[in-house]
Each structure stands twice: as C-alpha cells, then as structure tokens.
Amino acid sequence: MFRNNYDNDSVTYSPTGRLFQVEYALEAIKQGSAAVGLVSKSHVVLVALKRNAEELGSYQKKIIKVDDHMGIALAGLAPDARVLSNYLRKQAMSSKMIFNRPLSTSKAVLSIADKAQENTQSYGSRPYGVGLLVAGYDETGAHLYEFQPSGSVLEYFGAAIGARSQAARTYLERNLDIIRESDSVESLIVHGLNALRDTLSQDVELTFKNTSVAVVGKEAEFTTYDDESVQQWLDKLDSVSNARNRGDDDAGDADADADATEAAEGDAEGAGTTESSGDAPATETAPEDRMETDE
Amino acid sequence: MNHNPLQWGRPSNDTYGQYNHNIANASVREADHQSLDSFPKMNTQQPIITGTSVIALKFKDGIIMAADNLGSYGSLLRFNNIERLIKVGSETIVGVSGDISDLQQIERILDELETTEEVYDNDGGHNLRAPHVHEYLSRVLYNRRSKMNPLWNAIIVGGFNDDKTPFLRYIDLLGVTYGSSTLATGFGSHLAIPLLRQLIPYDVDYVKVTEEEARKAVENSMRVLFYRDARAADKYSVVTIKKSEDDPSSYTFTHEKDLRVQNQSWKFAKDIRGYGSKQQ
C-alpha cells in the first residue's frame, strides 16, 4: 500500500535524509496548471493558465490580490493557496494598521514560509500542497519570490511553477536580458504570455477564458486581467509574435517544445538579435534561420 | 460630573435614592469608599515621577526638538539627569513627557521594535521611519487606554516622511494624535507654542525657516518655560535632524546634552516681595 516506510508523516526522515511527505507536496505543485512570473526594473507581471474541471464548469482562480501592492499566482491545491493568501492579507492589513506602511514583499513571503516550515516538523500536519509566485512592489522596488511548501523561498527575475513549467523557464532564461531591460509593461506581459504559451499541451491555446494576467509596479496598483479584459493582451501577443502560429500552421507538425520556444523567442527579440546565454551554435542559428524562411 | 472615579458607574443618589450596595455584591460601601483595599482593581490613577514639556518644530531641511532633564516627584525636583529624547533607528526622535517609569517602558518597547526590524529586514532597505514609529506608538498608547490602564505620557515623534519632508506628530495617553509644524506637550503647549508660532504662523511656512532661526526659537522657549513652569529645569537636551549638506539623501542626527538656559534675567525679582530667600 505504501511506497515505503518513511512517508507516513512529514516529520520522519528516510535513512537517506529525505522527507517524503514534503517531496510529495512539491509534486502536488507540478499537478497544477502553470503560472509564470517575471520582473523588469520597475514592474512585476504574473501570468497563469486556468483550468476548468469540466466543459460547463467555471475556471479555477489562479491569481489572488493580497493588497494594492502585492499579489500571488498559485499552482497546486487551490484551497491551500486561499488559506495562505488570507493569511497574507491579514499580515498586509496589520502592517497598514500598526505601522502605517505597506507590507514588504520579503517580509510577506517569509511569514508564509515560516508557516509552511512549521508543517514539515509537526506530527499530524501535512505540508501545504501549493507553490506560490509572490509579486510585490515596495520601497526597495519590484520583487518576485517563489514559495514552496518545504518552506524554502527564493527571489527570481523570472520564475515558473506548475505543469510543464520547464518550457516557460527555458523561455525566460533565454530572454532574461530583454525582460530585465523592458521599460514597458506591455512587452513584459507579452514575454510572460510567450513563456506561458510554451507550457501548453498541443491541443490547447491561450484564450481569454483560460488566461489570467496581473501587473504590479511603480505607480501601478496590483491589477488582474481576466476574461474579456485579458483579450487586449492576447491580441498584442498575436500581433507581436504570430510567426509561431504561422509556423505551426505551415508545418502542421508536432514540433518539440524547444523548437517552438526558439521561434517565439526569435520573434520577440526581433530578427537577428543574438542571445547572451552561451548556447551551442547550432541552437543559436536555428531560430534565425527559421525566421528568415518564415518571412 | 462627579470626578471621583470611585463614584463612577453608580446611579446618582439624588435621583434614585441611596444605592443598595448588596446589589451584585458591590464591595465599596459609601461609608469607606476612599479605602483602596476594598476596591476590586485599580490601575494608574496619576503619574508619579514626571517630566515636563517637550517642544519641537520643523524647519526647512529638518526638525529640532528639546526637553529638559528634570524628573519631578510631585513638586520636588527629584532627578536632574533624565534624558527624555529617545533615538529610534537612524533618523527618528521620540520626545516623551509625563510619567518617567512609563517613559522607560516606552524606551524598552521601542528598543525591541528596533531590534526586530533590524533582524527581520532580510535584504535591507526597509527602514523604520518616523511615521511608522508614530503609528506604532499611537496603537500602543490607545491600546493601553482602552484597557483603562494608560501609559501616562504625551509624546512627540520627529523625523522624516517617505518623501523626505520633515515629519512631526503628537500622541498622548488617550491615543489622541495630531501633527503640526510647531508642537509642544504639557505646559509648553501654553507657553512655548505661541512663541514658536511667531516663527511659523502657518503650517506650510516651515519651509521658510532656517535651522538657526528654529534653534533660536527653541532656546527662547526653553528659557520662558524655565521662568514660568515650576516643574522645568535649566538643563536640557536638543536633538536636530536634518538633511546632510553634502548628501541630501542621508540625514545628520545631532544630540546635544547638558545644555543650559542662557541669558537669564532675574532683575524683575528684586522688587517682588517674597521672591527668593531675602525677607523684606
């Protein structure tokens, strides 16, 4: 019945020094649909893919506002995320009430990390089954943190969690320099959507129904775009990088994710821009070649 | 209103006749209502060792605050070495008047606050500034008064806003807060405020005031307070916080101690019968 003897509770180490319950919790994140976050000098963008349990059902909320300057995107058990976001909202309110200042992003994310860590060493509790991307803009600027049920927290310029998120991470890694230097929110969102699109399985497309976008940054309150209001961003996506779509239509094949990624990335950069990320020459030339043939 | 707290919460005898103290086993009988032993619980009713006025004002690039070093036990000038200006963080000053033991409690609270802020500010850059300290103190004082157990103080917090403009704001034992370009607690609000407002008639006028003018107004106010406030001493401290001249993004914080009221004139006293030791 059990996979092994050491995963009955979250407090027992296996002889190899692992906590299986915690590792299972990390697996739960990968079952959830993808969420992507990216940061420029002044803004943070979260984009997420929503899922509906059945055709007639509603879509699961993926982005939750915490305060005017902070919000989260989740992957994994949504009820656990609700508990954590409620806690964050309480923290944000107390900070406003007691100190008359907005809660700092680092403090917020560390406070839920402490809660999560406690669950990994108390008998009879289970770790949270959700990963979060916490986006915030505070007096030290724009921040993006990834929160994990193990209690670990890391700050990122670009991060992706959830199903097939590796593809999005690959996109972000290759476009990091452009993303960091983006001075418009629009380009940041388009890069986010490009990254998110790479996580899609073959028969799924980004639509206004299944896509959530959120922005927070300098002089910009945390704003989420869902349903009709997200269409404006999806339109931008098509106009800027429709080559991939065309490529897909033309080829009509089931290209590997990597190929698609490279095409999209070549588009966004504008033709001929070389990456700084020391890839093998073969992969570097590939997108450019493709671009030229497409055009 | 009857100001004797031991009479509070009772139906007035004039209206309702003699109160029956057996109701709800009320323990204080009319006959011995002054006996504290029979009172179920009582918190601070008055301050014990007290500090008198704190005065403060804004000027163009900063704020200046002063308080004397006296701790009075009633009318006895009991201690002459009480520092009532507390530094919090790198750019905030908290001036406390009222009960000295409560001042020391506030000092401990602020010290703890500063420590936690420093320890949990992981990436740095999230500084505790005057508005935050002020809001926090106002919550502490209001919370205590709501428990009917107030910290018996009036406090002025000085420093800078997030946008680097000078910040000055008051809190007292009731949790009341207000801000102004000229502030004083206690007797100072009667004696010093008019003098300070000669320099800054309207709140926005502080931008026209130089540090030297502000300093002069403070020295003058401390002199008048020493003349007229019997709980004031001529030994005092002054804190000046202003934007640094070479680097406007940082602040210079100067805390001067053991200053004396200068240019005193007691000429008026020689003609007043009973003033001083000489009997006429």
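Source: prediction; values computed, not measured.
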Counting backbone as well as side chains, what donor-acceptor pairs lie under 3.5 Å between chain A and chain B?
unit_1: A:Met97; atom_1: O; unit_2: B:Arg139; atom_2: NE; d: 3.0
unit_1: A:Ile98; atom_1: O; unit_2: B:Tyr136; atom_2: N; d: 3.1
unit_1: A:Arg101; atom_1: NH2; unit_2: B:Glu117; atom_2: OE1; d: 2.8
unit_1: A:Arg101; atom_1: NH2; unit_2: B:Glu117; atom_2: OE2; d: 2.8
unit_1: A:Lys107; atom_1: NZ; unit_2: B:Glu117; atom_2: OE2; d: 3.1
unit_1: A:Glu139; atom_1: OE1; unit_2: B:Arg129; atom_2: NH1; d: 3.4
unit_1: A:Glu139; atom_1: OE1; unit_2: B:Arg129; atom_2: NH2; d: 3.1
unit_1: A:Thr140; atom_1: OG1; unit_2: B:His126; atom_2: NE2; d: 3.4

Part of B:Leu113 lying under 4.5 Å from any heavy atom of chain A:
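Side chain only.
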Crowding at [atom1], [X] (>12 non-hydrogen neighbours, <6.0 Å):
| X | atom1 | value |
| --- | --- | --- |
| A:Lys90 | NZ | no |
| A:Arg180 | CZ | yes |
| A:Glu118 | CD | no |

